[in-house]
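Data block below; observations after.
Everything numeric in this text was worked out from a predicted model, so none of it was measured.
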Amino acid sequence: MEFSLRYTARDFTAELPANEYTARFRDAGRIGGYCRACPNYGNSWGCPPFGFDVGEYLSGYASVLLIATKIVPEERGIPLSESKRLILPERLRLEERLLEMERLYGGRSFAYVGTCLYCPEGSCTRPTGEPCRHPDKVRPSLEACGFDIGRTTTELFGMDLKWGTDGRIPEYLLLVCGFFHNAESVVWNK
């Protein structure tokens, strides 16, 4: 069965004090347990364990801009195995914009959870102990730093995370990323 994989994508944003977001939505112990159970744990430079203290990594920022991208496929019944074809173009767009925000405003960006986009699958240097080939591009996800994305999407965006059933993509997918900063104001959409 061939699908065109046409979709619509819309970004939703929320901004709040960084210390408030950390206090309300970071549950490092519980979320870290999910990370430790994942096969990417310790095998990707975007995944924990990190060579830095996450609390210090997050400290010193006044605000956080959160972005939830809702991807709605035009067709129903798309196999879960095709989800990467829906997510990849949006991840590329989001991560490019996050890196641009770092250049414009300073700050620290957090990408979408999952594998790194910058090395071919299975070729990350982390398992062999070599340095990351793309440290200028790879960013951890909010989940990797202990943030509860389910609560984030429900409480700040009014949208629940959806999971596929019967091997099919749900009615929509959500990608969540963030930008911690000290700028007086930031603009997400150019």
Side-chain angles (χ1 to χ4, degrees), residues 9-38 40-42 44-72 87 90-117 135-163 170 172-190:
R10 182 172 172 207
D11 293 342
F12 298 86
T13 60
E15 189 156 7
L16 63 157
N19 61 354
E20 179 185 334
Y21 182 60
T22 300
R24 284 181 51 201
F25 295 94
R26 186 165 184 250
D27 185 347
R30 184 173 60 85
I31 304 300
Y34 301 143
C35 284
R36 285 185 293 280
C38 175
N40 285 335
Y41 185 81
S44 167
W45 284 111
C47 294
F50 298 116
F52 54 84
D53 179 270
V54 174
E56 288 179 25
Y57 189 75
L58 296 168
S59 69
Y61 294 102
S63 300
V64 60
L65 173 69
L66 299 163
I67 304 96
T69 301
K70 185 176 184 179
I71 301 170
V72 182
I87 292 171
E90 294 306 311
R91 273 195 68 188
L92 290 168
R93 177 184 66 84
L94 293 167
E95 291 188 23
E96 180 180 318
R97 180 65 180 142
L98 286 168
L99 292 173
E100 183 180 351
M101 302 265 302
E102 284 184 0
R103 287 188 295 276
L104 288 171
Y105 303 110
R108 191 173 305 280
S109 58
F110 294 82
Y112 170 71
V113 70
T115 58
C116 169
L117 297 176
D136 57 321
K137 296 178 183 176
V138 175
R139 299 296 183 270
S141 67
L142 291 164
E143 294 94 326
C145 293
F147 288 97
D148 186 330
I149 298 306
R151 277 192 60 216
T152 297
T153 60
T154 300
E155 293 182 26
L156 297 179
F157 295 101
M159 294 181 276
D160 293 327
L161 291 178
K162 300 283 185 180
W163 306 100
Y172 63 83
L173 302 169
L174 285 175
L175 305 182
V176 180
C177 54
F179 181 64
F180 281 66
H181 64 89
N182 288 319
E184 196 168 305
S185 68
V186 296
V187 176
W188 173 248
N189 292 317
K190 300 188 278 182

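Closest approach of Asp136 to Leu99, counting heavy atoms only: O-CD2, 3.8 Å. Here the closest non-hydrogen pair linking Ala111 and Leu98 is CA-CD1, 4.1 Å. Smallest separation of non-hydrogen atoms from Tyr112 and Glu95: N-OE2, 4.2 Å. Among all heavy-atom pairs drawn from Tyr105 and Val187, the shortest one is OH-N, 3.2 Å. Summarising the geometry of Ala144 relative to Gly46, their closest heavy-atom pair is CB-O, 4.0 Å, with the distance given to 0.1 Å. When all heavy atoms of Val138 and Cys116 are compared, the pair lying nearest together is CG2-SG, 3.7 Å.
Not a single donor-acceptor pair under 3.5 Å links the side chain of Arg36 to the backbone N or O of Tyr41. Under a 3.5 Å cut-off, the side chain of Ser59 and the backbone N or O of Glu56 do form a donor-acceptor pair. Judged purely by atom type and a 3.5 angstrom limit, Arg108 has no side-chain atom pairing as donor or acceptor with the backbone of Leu58. Looking only at distances, a side-chain donor or acceptor of Glu102 sits under 3.5 Å from a matching main-chain atom of Ser109. Judged by distance alone, the side chain of Asn182 and the main-chain N or O of Ala62 form a donor-acceptor pair under 3.5 Å.
Atom OG1 of Thr153 and atom NZ of Lys70 lie 11.0 Å apart (nearest 0.5 Å). Taking CG of Asp148 as the reference point, atom CG of Leu142 lies at 11.0 Å (rounded to 0.5 Å). If you take CD on Glu143 and CD1 on Ile31, they are separated by 8.0 Å, rounding to the nearest 0.5 Å. The line from OG1 of Thr152 to CG of Leu174 is 11.0 Å long, rounded to the nearest 0.5 Å. Atom OG1 in Thr22 sits 8.5 Å away from atom CG in Leu16 (nearest 0.5 Å). The structure places OG of Ser141 at 9.0 Å from CZ of Phe110, a figure rounded to the nearest 0.5 Å.
In this structure, Arg93 pairs ionically with Asp11, as a charged nitrogen and a carboxylate oxygen lie closer than 4.0 Å. Checked for salt-bridge contact, Asp27 and Arg30 meet the test: a charged N lies under 4.0 Å from a carboxylate O. Arg103 and Glu100 are not joined by a salt bridge, as no carboxylate oxygen comes within less than 4.0 angstrom of a charged side-chain nitrogen.
By the neighbour-count criterion of 12 heavy atoms within 6.0 Å, atom CZ of Arg10 is sparsely surrounded, having that number or fewer from other residues, nucleotides or ligands.
When Tyr34, Phe25, Tyr21 are each tested for a ring-ring contact (aromatic ring centres under 6.0 Å, His included) with Phe147, only one passes: Tyr21. A side-chain contact (heavy atoms from CB on, under 4.5 Å) with Phe179 holds for exactly one of Val64, Leu66, Val186; it is Val186.
A centroid separation of 6.0 Å or more is found between the aromatic rings of Phe12 and Phe157.
Identified under the salt bridge (Lys or Arg N to Asp or Glu O under 4.0 Å) test for residues 12-23, with sequence neighbours left out: Glu20-Arg24.
Using the six-membered ring where Trp is involved, Phe180 and Tyr61 have ring planes that are perpendicular, over 60° apart on the 30 and 60° scheme.
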Could you go through the side chain to side chain contact (heavy atoms under 4.5 Å, CB included) check for Glu90 and Leu173 one step at a time? CA-CA 11 Å; Glu90 294 306 311; Leu173 302 169; over 6 Å; no
